[in-house]
Every structure is written in C-alpha cells, then in structure tokens.
**Q** 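Sharing a structure, written as structure tokens. Questions coming.
We name chains A, B, ... by the order of the sequence lines, and we start the count at 1 in each one. What's counted below: heavy atoms across the whole structure, side chains too, no hydrogens, waters or symmetry copies.
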Amino acid sequence: MSRTARPMSATNFIRQIVESELADKRHPGGVVTRFPPEPNGYLHIGHAKSMCLNFGIAQDFKGKCYLRFDDTNPDRESPEYVAAIKHDVRWLGFEWENRLTHASDYFDQLYQAAVELVRNGKAFVCSLSAADIRSSRGTLTQPGHDSPFRDRSVAENLDLFERMRCGEFADGTHVLRARIDMASPNINLRDPTLYRIRHLPHQNTGERWCIYPMYGFTHPLSDALESVTHSLCTLEFEDQRAFYDWVLDNVTVPSRPRQIEFSRLALDYTIMSKRLLTALVEEKRVAGWDDPRMPTLSGLRRRGYTPASIRDFCARIGVTRNEQQIEMSVLENCIREDLDRTAPRAFAVLRPVRVVIDNYPNNQVEEFEAANHPNDPGMGVRTVPFCRELFIEQQDFMEDAPRKFFRLAPGREVRLRYAYLIKCTEVIKDHSGNVIEIHCDYDPASAGGKAPDGRKVKGTLHWVSAEHSVNAEIRLYDQLFVEPNPRADSDTDFMDLINPESQVILTGAKVEPSLARAQCGDTFQFERTGYFCADPDSAPGSPVFNRTVPLRDSWGRKNPA
RNA sequence: UGGGGUGUAGCCAAGUGGUAAGGCACCAGAUUUUGAUUCUGGCAUUCCCAGGUUCGAAUCCUGGCACCCCAGCCA
C-alpha cells in the first residue's frame, strides 16, 4: 500500500471553483493551499477532512500545500503538539516537503503591516480594559460606540505601539485595534483587536516578542505572504471574511488570496471540539490523546484505523456548506472494507469455555492448515495445533438453543473450522449453574472440517487448543458517548454522557500461537469476531489487542445478548 | 428586517430549466468451512412550505418557516 494519498475521487464545490478559475488562467503561479493547525492539541478526524481537501487539491491540480502552524497564542501552544501534528500529517499520507511554516515566521512582516495601518490612520492603540472594550462593542442588535482612544494621533499611536513591542507595558494595558466601524452590523468589523500584549515565551520565537498578533490579522497576511490562492476554512469563520478582505485591502501585500468556507465535520457519539477533547485528557477520563476511543488521528491509529480508510471516509462524506452530522457506520464501513482486504485472519477466543473431545486420543496433537485469507490465496496459510482439549467462545454454546442457533448445543453437531466436526454429548456446570466444560465426540473422518458423507453442518466455530493457545488481553471499544450529540443539551455536562462500556477489558482471552509474536500495529481479523490491532502495551508472549471494529453480525443484531 | 449561512430519503450527497446519480444504513434473496466477505433485487411520483413564471421547475421569481454561526485582548 502506497504511503501517498490517493486523490479524493469525488468533486465538490471548492474543487469546482478551483477548476473553473484554472480554466480561466486565473492562477498562473498554480494553486496554493494551506493546512493551518494551531499547535494546542492533537489532530482529529475533522482535521483529516481539511487535510484531504487542502493537500488533495494541491496534489490533483499540481499545486502546493503548506503545513503552517498557526501559532499566535503562546499560552496555549507547545512543541509537543507541533511534533504530534507533524507525525499525524505524515501518517495520514501527506507531504509538505519544504513548505513547513509558522505564522510566527512572519511576526516581523506582521509588525510592519500593523505599522503601515497605523501610519495610514487605519489602526490605533486602545487603552481600554478588556471589559470596557467588550461593553463598548455593542450587541448583536445594537451598534457599539467608539473608543475614547480612537482618535489618537498617528505619532502617538506609532510611539505607543513601538513601546508595546519593547515591553514597556503590562499585559492587558493596551491593544492595537483596527479602525473600521463600530456601528457595523458585522461585529467582526467593530474595530477588532490586531495585537495584544503577552509577556510569555513562544514555542517558536522564544523571548523575542511580548506582543502577539490576533488570528484575524495574522491569517490573511500569512496567506498572502505564502501566495495562497485558496484559503479554505470552516463555516464559523464566514463572518470574518469581511475582515480578512479588509486586511488585504489595507495592507500592502504580495498576493491576493480568497477565503472559502466549508462545513466542519461532526460524527455521531463523539465530540470534535479541541477544548472538550483536551478536557477529557486532562481530567483523565480517557487514557490520553491516543486513547483508542478518541476521534483523534492518534486515537484512531491506536484503535487500528488505517490512513487509507480515513482518507476514504473523507472522500465519501464530501465537502459542502451543509451541517454534517455523520453516522459512525460510514467510518466503520471504511475500515471494514480496507481491513477485509488486507488483514490476515486468525483465531482468538475472547471469552473461553473448555471443550473436551472424549473420543480424541489423549496425547495426540495435529496441525491443521488454515488460510490467512479465504478470498486471497496469495496471503498464504498457517497451521494451527489441535488436541483433545480446546477453548471455544462462551457465546457459541447454548443449553436450550432455538432452532436457528447454528452453534453448539446438547446433541447438536458443529464444525470446528479447518479441524473436525464435533457433537456435544454432555455439559458440566458449577454449583451456580455456569457451564464450565462441554464434552463432545468428534468424527475422525471429518479432518479439515469436511463432512465425509456430505451431511449438512450449518455452524462453523473458531477455536484454539487449550494446551497451545496463548493468553492475551483484549480491549473492546465502543462509542465514547451514549448520546449521538453529547453537546446537544446544554444543561447536561458532556462528561456525564461518557459511555461506561466504551472500553471493556478482557484479560482471559486465548489466542492461537501465531499471535504471540504480534507486533504493535499489526492488524488481524479474528474470525467471526472482528478486526483487531496489536497495542503498544503488548509484551513478548503476552499480547494486547484492541478491537478496531466488530464484524457485521446479522445474528447478533437480531439476538442481542 | 442586527449580520452571515443552510434546507434533496434515517445519515451523507450529486444535481446548475428537460422529467431525482451514488455511498452508508435498512429490508429481501443467492453463494459461503467466518451468521463475515461477495453477488442480486428493493428502498424520494418528489427536493422545507405556499404561491408564481414556463410546454416543462429541486433548479428561476415572490412570500413564509425551520435550523446553524457571530458580541475573546481564542483560533
């Protein structure tokens, strides 16, 4: 499997815009996009959508895409996040080559741009407190009023701004504001803040600055400096576009990018807000950013999702301006489709119960050949050891079984896949009535699982040898929340909606011997059970597997446990 | 009448005046040594609603309705 991303097959309204502009020769320098994460958290699947869009357009239209860290707020950003983001971008299959940048790389130019605005009377130093700025901004329905500092002279503004930069003032004492229109119906145009004072070291620029530019000012200029042609962002920035354009209209810039918005991704039964994901991590409600229940790329990776499956998902959901609330089944379908093709099969018994084959020789061991993939002989075969005592799945035995239960029950015959047909002769229970041992007879003529006389045996079970199997820990994962949209009800704390069964740890699982040497990240289909992935917690001889996704199960769906 | 957006099936989504693609989900059947996979068929006489224009409207016009975003010195 190639590490490079396949282009998104589907088109969308943004690609159509790019295409028609290219047809009109509007971009002689080629199309340029950018993926601009803030390094204040880990990337999630919503970012994957943005990456597929931005890097995908660059790839398909022979353009370029920058990976630009939007690092203008030093108190939330850290090198740990920078490193994690770079790792995740590469993992998803995208390459920035020599186009790794930071908004902070442009702090000098940004400062000069601010000075230019001041010189032209388009910006002023405001010495109102944050609270006063807020109250003078007006409301959604009422205009704001001008700051008393709005008409400071250019000379005074220049002097003050310079002194802000030199560290003469404490945090919060002054800000630089654009001089636009306090009565604008668009609140973003009511003299928005351009620079604030923060005496804080920065993850990239260190101690060099104590004033930091705001997003709304930084973003259009960074785009222009990188000759970005299409600045693609999510819908909540739509109202900011007027300010984006104002900046580009009022500062001398080398190029003229265009902002286009698309809707952000929401997935059922999870959350995509970085603030809330951070809270889950910090309050230790999950094991970390890479907890397999998290919608982060690192979480999905640890869960067993492949980059290709996530790219496929992004292609399937499309890019529009509609609110997107996607069902989990879409994502699950993508990983099942990928892993069905690529994951070798293996036997693992999650909740074992002992089976004794009374008519099988006591010390005999046979090796049966098993296909690594039933539909792909190229994936080869392995052998699995068989002996008198085995484990099967507790769920595969029922004492009083209905007609349609195609598994083991007293007097009934099933196939042990690749091995023999066995018939249940006796059930042994403990004092509280739990089945602890199932006795069977096997048909010696059915080696390999073939019915010698062609008799129909509907049920086929997976199994492991009691003597040869390996103990394993298996972690079952399910949706993180019990509500499709945990944020829907503002009276309910989303923490209270965490699914208590989102992680179920099985410590007594028995897996076939070949699985003892599973390497972290190896994926398997445990037959009849699901897709699993070896966790980094695995140790030699004691593997740990995460369930990526269960197999589709038309029996279990109709007969919930 | 604060501003900006969005309404096509349960969830996504094509569609750009010529008679509703596709995916997921769901249902039915075939094949199957995984109740998996695969395959086959079904699933919107109608596009938020109401009028209008037109031979013809999801597409154009008018008027409603519903939902989302915006009042950080966050991004």
**Q** Decide yes or no, distance alone: a donor-acceptor N/O pair under 3.5 angstrom between the base of B/rG35 and the side-chain of A/Asp553.
**A**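 Check fails, no donor-acceptor contact within cut-off.
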**Q** Nearest to the side chain of A/Leu235 - B/rU34, B/rG5, B/rU32?
**A**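 Nearest to the side-chain atoms of A/Leu235, counting from C-beta on, is B/rG5.
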**Q** Return no unless some side-chain N or O of A/Arg557 is found under 4.0 Å from OP1 or OP2 of B/rC27.
**A**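 So the side chain of A/Arg557 is within the cut-off, an N or O lying under 4.0 Å from OP1 or OP2 of B/rC27.
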**Q** Is it true that A/Asp223 and A/Arg68 make a salt bridge, defined as a side-chain N closer than 4.0 Å to a carboxylate O?
**A**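 Between A/Arg68 and A/Asp223 there is a salt bridge, with a charged N closer than 4.0 Å to a carboxylate O.
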**Q** Could you tell me the Watson-Crick or G-U partner of B/rC67, where both distances fall under 3.5 Å? Say none if there is no partner.
**A**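 Paired with B/rG5.
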**Q** Specify the separation, in whole Å, of atom CZ of A/Phe243 and atom P of B/rG72.
**A**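 That distance rounds to 15 Å.
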**Q** Using both distances under 3.5 Å as the test, list the Watson-Crick or G-U wobble partner of B/rA30, or none.
**A**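 Because both required distances fall under 3.5 Å, B/rA30 counts as paired with B/rU38.
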**Q** Of the options B/rC73, B/rC24, B/rA36, whose atoms approach the side-chain atoms of A/Ser329 most closely?
**A**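 Comparing B/rC73, B/rC24, B/rA36 against the side chain of A/Ser329, the answer is B/rC24.
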**Q** To the nearest Å, how far apart are A/Glu527 CD and B/rU32 C1'?
**A**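 Those two atoms, CD and C1', are 12 Å apart.
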**Q** Could you check which of B/rG35, B/rC73, B/rA75 has an atom nearest any side-chain atom of A/Arg407?
**A**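 Closest nucleotide to the A/Arg407 side chain: B/rG35.
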**Q** Has A/Tyr215 got its ring stacked on B/rA75, by the test of a centre gap below 5.5 Å and a plane angle below 30°?
**A**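 No, the aromatic ring of A/Tyr215 does not stack with the base.
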**Q** A/Glu238 CD to B/rC70 C1': how many Å, rounded?
**A**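 For the pair A/Glu238 CD and B/rC70 C1', the rounded distance is 10 Å.
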**Q** Considering only heavy atoms and no angle criterion, is a donor-acceptor pair shorter than 3.5 Å present between the side chain of A/Arg552 and the base of B/rU37?
**A**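 When only heavy-atom distances are counted, A/Arg552 does not reach the base of B/rU37 through any donor-acceptor pair under 3.5 Å.
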**Q** Give a yes or no on whether the ring-centroid distance for A/Phe13 and A/Phe262 is below 6.0 angstrom.
**A**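 Not under 6.0 Å, so no.
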**Q** Round to the nearest Å and state the distance from A/Leu200 atom CG to B/rC73 atom C1'.
**A**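 My rounded result for the distance is 13 Å.
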**Q** For each nucleotide in nucleotides 11-16 of chain B, reading 5' to 3', give B when a protein heavy atom comes within less than 4.0 Å of its base, S when such contact involves only the sugar-phosphate, and - otherwise.
**A** SSSSSB
**Q** Please say which of A/Glu337, A/Glu332, A/Glu327 ends up in a salt bridge (charged side-chain N to carboxylate O under 4.0 Å, His left out) with A/Arg316.
**A**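 Of all the options given, the one that passes is A/Glu337.
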**Q** Provide the Watson-Crick or G-U wobble partner of B/rU16, both distances under 3.5 Å; none if there is no partner.
**A**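 Result: none.
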**Q** Picking from A/Glu369, A/Glu367, A/Glu512, what satisfies side-chain contact (heavy atoms from CB on, under 4.5 Å) with A/Arg382?
**A**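 The option that passes is A/Glu512.
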**Q** Write down the distance separating the C1' atoms in B/rC27 and B/rC70, rounded off to the nearest Å.
**A**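 B/rC27 and B/rC70 have their C1' atoms separated by 44 Å.
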**Q** Take the protein atom CD of A/Glu337 and the nucleotide atom C1' of B/rA36, then report the distance between them rounded to whole Å.
**A**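 So the CD-C1' distance, A/Glu337 to B/rA36, works out to 14 Å.
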**Q** What nucleotide, of B/rA25, B/rG2, B/rU34, holds the atom closest to the side chain of A/Asn333?
**A**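 Closest nucleotide among those given: B/rA25.
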**Q** Return the value, rounded to whole Å, for the distance between atom CD of A/Glu393 and atom C1' of B/rU34.
**A**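 After rounding, the reported distance stands at 12 Å.
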**Q** A/Trp555 side chain: which of B/rG35, B/rC73, B/rC69 is closest?
**A**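 Nucleotide nearest to A/Trp555's side chain: B/rG35.
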**Q** Quick one: is the NZ or CZ of A/Arg165 closer than 6.0 Å to the six-membered ring centre of A/Tyr111, and within 45° of its axis?
**A**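 Ring-cation test returns yes.
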**Q** Taking the side chain of A/Arg137 as its heavy atoms from C-beta onward, which of B/rG3, B/rA71, B/rG5 lies nearest to it?
**A**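 Nucleotide nearest to A/Arg137's side chain: B/rA71.
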**Q** Taking the side chain of A/Arg198 as its heavy atoms from C-beta onward, which of B/rC70, B/rC73, B/rA36 lies nearest to it?
**A**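 The answer is B/rC73.
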**Q** Check A/Val125 against A/His174 and note the closest heavy-atom contact, atom names and distance.
**A**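 Between these two residues, the closest heavy atoms are CG1-CB, 3.8 Å.
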